[in-house]
Amino acid sequence: MSASHTIEERDLGLLPATGVGVGAIVGGGVLALAGVAFATSGPSAILAFALNGGIALLTALSFAELASRFPQSGGTYTYARKVLTIEAAFGVGWVVWFASVVAAVLYALGFAVFLVPFLEALIHALGGEPPAWLGGRIAALVLALLAVGGYALALLRSTAGGGQWATVGKVVVFGFLILAGFFVLVVAPPSLHTLGERFQPFLARGGSGLLQAMGYTFIALQGFDLIAAVGGRVQDPQRNIPRAMLLSLGTALVIYLPLLFLIVAVGSPELPISQAAAKDPEILVATATRAFLGPSGYWLVLVAGLLSMLSALHANLLAASAFARTMAMDRTLPPRYAELSGRGRTPRAAIFLTTGAVTFVLIAVPDVATAGAVSSLIFLASFTLAHGIAYLARKRGSQHSGFQTRAFPLVPALGGVSCLALGLYQAVAVPSAGVLAALWLSLGAMLYVTLLAPRARTVDAGSEAFDPEILKLRGRTPLVLVPIANPASAPTLVKLASALSPGPASRIQLLSVVRRPEVLDSETEGLAQLPALVDAQQVLGGALAAALETRMQPEALITLSDDPWSEIARIARRTRCQRVLLGVGELGPEMISGPLEHLVDSIDADVVILRAPPGWRPEEARRILIPARGGVDHGPIRARLLGSLLRAAPREITFLGVLPADASREEDRRVRAQLALLCRDEAPRASSVEVIHAEAMTAEVAAQADRADLMILGLQRRRGGRLTFGKTLIEIATATRCPLLMISQKA
């Protein structure tokens, strides 16, 4: 079973799951960025938040459908891994993880901004004068790092709690502020003329200012997606995840829009709202509340701000750690970040990685506005992808009983276009945000290509074998070419072909090559009476019946050729098949180094060669031996094969390393460690490692093979992609009698 199939404990009900979203959305973004929005667009900042709410609602509907279809942790990354390639999934996960990191930076800086007035008041109360540096960059950075460190320590102990008290507290405070503001508006209302003037000019900087305000503040409505990030822990996920997303987003809009209206209506009596915001954008909501509630209102907002920043910081650190762990489980990040440790069984390495990234970005980002712009841009990019994935999942996937948006495909189309357009505008309007996002993607691409790709592809192949629906969701229809000459081998080869390309979307091309006859009585009658052709029809008939039993889409082809090996290569190139499965009776040195080597070198496809006695079936392979050196050259195709075999029945898989009798302990430890990596990537929970020291490697492997039901060998390729069987491999193949599979992965 691949690591991505690890089952999590579902310990979050509807209310705790909603709390994750509310904790991430409500308060932090609006308090940190409302001043920036009003300074950018004037009173139309209210419209900016409302329009963002519409885009967020469309996005939440796509997320809700995806989360209901795929109720595992990982959010957008998990959905991308199901529907797109593993390379695209890494790109999505890399962006989404960084988005949560930058969001955590935003809220950590916001916490520092809202804490400074409390510290200044405390110093005044003690009879001192606050130093000038307290409101500077260094002090803000230190306070933000303290907040990040505190929550990181809390997550190291437990990822189940912490942050809910802040969520409840800030919702109560915001509710009180809104009620008090409307009370003032009703009891001592300004004249209609005065009230109208406060909303003029509504579009202070025109449409461009409105769009810029939307770009700055979209992050204020991010957070519902974090429920999907921990979806593997939500109880009754098909019902509770969609509800929690919509409840958390609705709660945010019910608080945001009235609060923003009150800030303009009764919170800025002396200056136009755009001027008041430009004067002190970071604590505008607090100063505006002081205008209609006095000092108590000011301090209440600061309290709400602290609670909001802390709960949002907690939610984003939790989500980013979950993203990192999920990616590590699929090897799109190093596997150590997937490990759970400590009494609380927490992903300590993932938490340390996330905390380190937040610390780095905290030092690199100069202020709250820049953090908000970068975070909004990255989330808009990830949400655009989420809409596209939702569309593909509905079109390609099977029907499911969970939540589905009714206005399909309008919702993902309109939502995706809106997120894309706003993101592109944001990248142009705030070039630093676009540059930082581009640099991050470039760094991720280099990391994936140089370090992560081989193991990620291996684990992904195993996932396809365990869940054949993935191939259908990805829109792939891999073709396996199966040349068949012996009727007795047809069922075995068809079943192996099904294991190499599992799922209803896969196809089998059955091929029978008939040698050209030397003499024919007449073209028509001679061909009809040709014994070889009659035999070929019978062979393919039996093979087609076996293929239909596997629920694959069999195709059959009979060709005439004087050279069957060259004809197989020609058909492989013409059909552009992904894999070729060959069955052979004997594997002597002449065949191995002759036609087999030439065939493998002449086609651009994976080649699997089976040598087995007549009547042998894959289901008989309970004990599987894999002599290996610890490399990953044959990981993907071997992992796919092992995954299919394990899905059908339990197996005992042994990765065998044979070292010289005088090999050192260091060499022994190195080989064991390398083979252990293969076990973890290709067959966790079903495989073991055995390292033997022996004088004669071939004899030892042959002895071990006598106790196995199937042996799998990997064929090595020279530079340039040419195949070399090697003397040792030929000796092993000829010295063993157990069923043997030899795998050559295309270069």
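One is the number of the first residue; the rest follow in order along the sequence.
- Closest heavy-atom contact between Leu473 and Ala393: CD2-O, 4.0 Å.
- Leu493 and Leu610 get closest at one heavy-atom pair: CD2-CD2, 4.0 Å.
- Paired with Asp467 under the rule salt bridge (Lys or Arg N to Asp or Glu O under 4.0 Å), one option of Arg474, Lys82, Arg640, Arg81 passes, and it is Lys82.
- Pairing each heavy atom of Pro739 with each of Ala612, the nearest pair is CB-CB, 4.2 Å.
- With a 4.5 Å cut-off on side-chain heavy atoms, Trp97 and Thr326 do not count as touching.
- The CZ atom of Arg680 lies 11.0 Å from the OG atom of Ser687; values are rounded to the nearest 0.5 Å.
- To the nearest 0.5 angstrom, Leu511 atom CG is 9.5 Å from Ile558 atom CD1.
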### Task
For side-chain contact (heavy atoms from CB on, under 4.5 Å), just list the numbers for Ile626 and Arg638, CA-CA rounded to whole Å, side-chain angles, deciding distance to a tenth of an Å, and then say yes or no.
CA-CA 10 Å; Ile626 305 177; Arg638 189 168 61 200; 3.7 Å; yes
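- Summarising the geometry of Leu625 relative to Val701, their closest heavy-atom pair is CD2-O, 4.2 Å, with the distance given to 0.1 Å.
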### Task
Check the pair Thr559, Glu567 against side chain to side chain donor-acceptor pair (under 3.5 Å), reporting the backbone distance first and the verdict last.
CA-CA 8 Å; Thr559 65; Glu567 182 68 2; 3.1 Å; yes
### Query
Where do Glu667 and Arg670 land on the salt bridge (charged side-chain N to carboxylate O under 4.0 Å, His left out) test, with the steps shown first?
CA-CA 5 Å; Glu667 179 71 6; Arg670 184 185 64 80; 2.4 Å; yes
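- At least one side-chain heavy atom of Leu646 sits under 4.5 Å from a side-chain heavy atom of Phe466.
- Residues Tyr448 and Ile86 are in side-chain contact: their nearest non-hydrogen atoms beyond the backbone lie under 4.5 Å apart.
- Between the side chains of Arg579 and Ser501, at least one donor N or O sits under 3.5 Å from an acceptor N or O.
- Residues Ser321 and Tyr337 have side chains that never bring a donor and an acceptor to within less than 3.5 angstrom of each other.
- Side-chain polar atoms of Asp662 and His693 form no donor-acceptor pair below 3.5 angstrom.
- Remark: of the listed residues Glu700, Met697, Met711, Gln704, Met711 is the sole one forming a side chain to side chain contact (heavy atoms under 4.5 Å, CB included) with Pro627.
- Using modelled atom types and a 3.5 Å distance limit, the side chains of Thr575 and Gln509 yield no donor-acceptor pair.
- For the atom pair CG (Leu581) and CG (Leu496), the distance works out to 5.5 Å, reported to the nearest 0.5 Å.
- Ring pair Trp94/Phe90 is parallel by interplanar angle, where below 30° counts as parallel and above 60° as perpendicular.
- The side-chain heavy atoms of Leu713 and Leu741, taken from C-beta on, include no pair separated by under 4.5 Å.
- When all heavy atoms of Ala350 and Ala324 are compared, the closest pair comes out as CB-CB, 4.0 Å.
- Between Leu656 atom CG and Leu675 atom CG the span is 8.0 Å, to the nearest 0.5 Å.
- Side-chain contact between Ile470 and Asp460: absent, with no pair of heavy atoms (C-beta onward) separated by less than 4.5 Å.
- Checked by atom type and distance alone, the side chain of Arg576 never pairs as donor or acceptor with a backbone atom of Arg573 at under 3.5 Å.
- Counting only distance, with no hydrogens or angles, the side chain of Thr332 and the backbone of Met327 share a donor-acceptor pair below 3.5 Å.
- Using modelled atom types, one side-chain atom of Asp709 and one backbone atom of Arg622 make a donor-acceptor pair closer than 3.5 Å.
- Salt bridge present: Arg457 and Glu87 bring a charged side-chain N and a carboxylate O closer than 4.0 Å.
- Between Leu84 and Ile389 there is a side-chain heavy-atom pair separated by less than 4.5 Å.
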### Message
With side-chain contact (heavy atoms from CB on, under 4.5 Å) as the criterion, how do Leu677 and Arg455 come out once you've worked through the C-alpha distance, each side chain's angles and the decisive distance to 0.1 Å?
### Response
CA-CA 9 Å; Leu677 291 180; Arg455 298 188 67 186; 3.4 Å; yes
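- Atoms CG and CE, from Leu740 and Met742 in turn, are 5.5 Å apart once rounded to the nearest 0.5 Å.
- Annotation: side chain of Thr736 is in contact with side chain of Arg611 (closest heavy-atom distance under 4.5 Å).
- Looking at Trp565 and Ser602, their side chains never bring a donor and an acceptor atom within 3.5 Å of each other.
- No donor-acceptor pair closer than 3.5 Å links the side chain of Arg396 to the backbone N or O of Arg394.
- Taken from CD in Glu464 to CG in Leu471, the straight-line distance is 4.5 Å, to the nearest 0.5 Å.
- The minimum heavy-atom distance between Ala386 and Leu66, with the atom names listed, is O-CD1, 3.6 Å.
- With a 4.5 Å cut-off on side-chain heavy atoms, Pro483 and Val513 do not count as touching.
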#### Entry: salt bridge (charged side-chain N to carboxylate O under 4.0 Å, His left out) evaluation trace for Arg336 with Glu339
CA-CA 6 Å; Arg336 63 178 176 274; Glu339 296 174 358; over 6 Å; no
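- Proximity of a side-chain donor or acceptor of Thr492 to a complementary backbone N or O of Trp616 within less than 3.5 Å is detected.
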